[in-house]
Visitor: 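Here you go, one structure.
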Amino acid sequence: MHIAYEKVLMWLLLLFTVAAVLMLEKLMPHQSAAIVVISSIGIYGLLISAANFHHRRKVAKGSILPPVPADYEPQVSVVIPAHNEAAVIGDTVRSMLAMTYPHFDLWVFDDRSIDGTAQVLEALAQEYMGRFHYVVRPADATPGKSAVLNDALMRVPGEVLVVFDADARVQPDFLTRALPYLADHGVGAVQARKVIMNPEVNTLTRCQYYEYILDAHYQVGRDIIRGAVELRGNGQLIKRTALHSVGGWTEDTITDDLDLSTKLHIAGWDVRYLRDVTVEEEAILRFKPLLRQRRRWAEGSLKRYLEHGFDMITSPHVSRRAMLDMLAYFLEFAFPLWLAIDLIVQVVNMFFGEWPSHLISSFIMIPVLVSFFISGLFEAIRIYQRVGVVKSLLLAIETGIFLAAIWLPVVMWITGKILFTRDEGPLNWGKTEHLGTQAMVQESRMERVKAFIQQWSSGTQTL
């Protein structure tokens, strides 16, 4: 999307928000204007919870059964884009080659790596004697994961493309269990549930683990109500016909999965989410790379709303429930902007005294948002982990604070970036940091040493 068009839409959104906040100040002089958005988020959360509860009861009664494999056995091409992934690509290839589905081929695309990824792939090719293919993209190739996937779309033979990240781990029956959900002619893509493989390393990895559980909880709910389910990049299965119908991947996007999800919905394809078919991936161990990843996620998601929002509203193929579902998810971006403007208006009011100020009411919206995160996390942890009430609550509180502390400033920063900064030029692959098993073990040892020192200094541990 042209950068000027993107900025115009963002400025229009900003002006609309300012006008709405000022109008609500007149209508509700003693309440924060942000209560409108936070109430909508809460209502949507209750809808998802109710849908999940109703679905679980029907499954328990045997009213809903997973699809059987039947005769749907398409040729599958498993595609792994890899950019500087020498630390993890070997274990990932071995995990993929262990899958038992008989009709698949494996392709690894080395995208301009400079860390020895190509040498690792060459050694693996000799070890496995041609059981997989690898392609080394030249240094002048178009950068970015979407460009890699479009190259793959032209090269690989499969009727279904399965995209994994370079750190993915799956069970041998992954394809056998996931493919039946694609048998429906109206289903264009399927997303497996992502699971963090190293939650025990430190606080950040633990919070990411439970954050993924919360995301799964909401994506399952969106699938139940036939909303606008989103792909998650790692562990996604897409029909070739669906990809061709939307022109493949958009190469100037920084979140290929979210952009593709939206285009598929606009074109009339259903996207399904699988609770019981999982793909494991590494959590990020350090805060700075995690923040970089979240900024990329937020920016890509917001930009796809700006680019495809009008088509989503006007497309004859999008159901009203999918449209409302997408609008509800957009509120997670609207809330930080809405709250910031509301706080600014309150500060101005305090100086000029034109309307009664309710600054405290506005600030209360932040712990209200945290409480929504905590309630959703508590429910999701109880469903997926089946741990005790107290432990579930403590984990939910920790992760809820983590989510709010990252999400609010990240969305505000990305909003300002789109409004006030210039285009950064050619797209760079803002890849997630993958350190491999050895790094995870080393980090885990360091955490154990820190815990021992803390226990010893407090007198609860002896040498």
Visitor: Which atoms form the tightest heavy-atom contact between Val156 and Ser77, and what is the distance?
Guide: CB-OG, 3.5 Å

Visitor: According to side-chain hydrogen bond (donor to acceptor under 3.5 Å, both in side chains), who are the partners of Ser245, at least two apart in sequence or on a separate chain?
Guide: Trp269

Visitor: Check whether the side chains of Glu230 and Tyr329 place a donor and an acceptor atom closer than 3.5 Å, and report yes or no.
Guide: no

Visitor: Please list all pairs passing the salt bridge (charged side-chain N to carboxylate O under 4.0 Å, His left out) test where one or both residues lie in residues 312-328, with sequence neighbours left out.
Guide: Arg222-Asp325

Visitor: Would you check if there is a donor-acceptor pair between the side chains of Arg226 and Ser319 at a distance under 3.5 Å?
Guide: no

Visitor: Between Asp259 and Arg304, is the closest basic N to carboxylate O distance under 4.0 Å?
Guide: no

Visitor: Quick one: closest heavy-atom pair of Ile414 and Ala298, and the distance?
Guide: CG1-CB, 4.1 Å

Visitor: At what distance, to the nearest 0.5 angstrom, does CD1 of Ile366 lie from OG of Ser371?
Guide: 12.0 Å

Visitor: Indicate the atoms forming the closest heavy-atom contact of His317 with Gly268, along with that distance.
Guide: CB-CA, 3.4 Å

Visitor: Looking only at heavy atoms, which two atoms of Asn234 and Gln191 are closest? And how far apart?
Guide: O-NE2, 2.8 Å

Visitor: Should Arg294 and Glu211 count as an ion pair when the cut-off is N to O under 4.0 Å?
Guide: yes

Visitor: Between Glu280 and Lys194, does at least one N-O distance fall below 4.0 Å, as a salt bridge requires?
Guide: no

Visitor: As an exercise, state the distance from CZ of Phe333 to OH of Tyr305, rounded to the nearest 0.5 Å.
Guide: 6.0 Å

Visitor: Checking side-chain polar atoms at under 3.5 Å, does Thr205 have a donor or acceptor matched by the opposite partner on Asn198?
Guide: no

Visitor: Kindly confirm or rule out a cation-pi arrangement of Arg232 over Tyr273, judged by NZ or CZ under 6.0 Å from the six-membered ring centre and within 45° of its axis?
Guide: no

Visitor: Under 3.5 Å, which donor-acceptor pairs do the side chains of residues 93-103 form with other protein atoms, sequence neighbours left out?
Guide:
{"unit_1": "Arg94", "atom_1": "NH1", "unit_2": "Gly90", "atom_2": "O", "d": "3.3"}
{"unit_1": "Arg94", "atom_1": "NH2", "unit_2": "Glu127", "atom_2": "OE1", "d": "3.3"}
{"unit_1": "Ser95", "atom_1": "OG", "unit_2": "Val170", "atom_2": "N", "d": "3.0"}
{"unit_1": "Ser95", "atom_1": "OG", "unit_2": "Val170", "atom_2": "O", "d": "3.4"}
{"unit_1": "Thr100", "atom_1": "OG1", "unit_2": "Pro172", "atom_2": "O", "d": "3.2"}
{"unit_1": "Tyr101", "atom_1": "OH", "unit_2": "Glu73", "atom_2": "O", "d": "3.4"}
{"unit_1": "Tyr101", "atom_1": "OH", "unit_2": "Pro74", "atom_2": "O", "d": "2.6"}
{"unit_1": "His103", "atom_1": "NE2", "unit_2": "Glu73", "atom_2": "OE1", "d": "3.4"}

Visitor: Between the main-chain N or O of Glu251 and the side-chain N or O of Ser146, is there a donor-acceptor pair closer than 3.5 Å?
Guide: no

Visitor: Salt bridge or not for Lys303 and Glu307, using N-O below 4.0 Å?
Guide: no

Visitor: Does any donor atom in the side chain of Glu379 or Ser49 lie under 3.5 Å from an acceptor atom in the other side chain?
Guide: yes

Visitor: Do the charged groups of Arg206 and Glu200 touch, with an N to O distance under 4.0 Å?
Guide: no

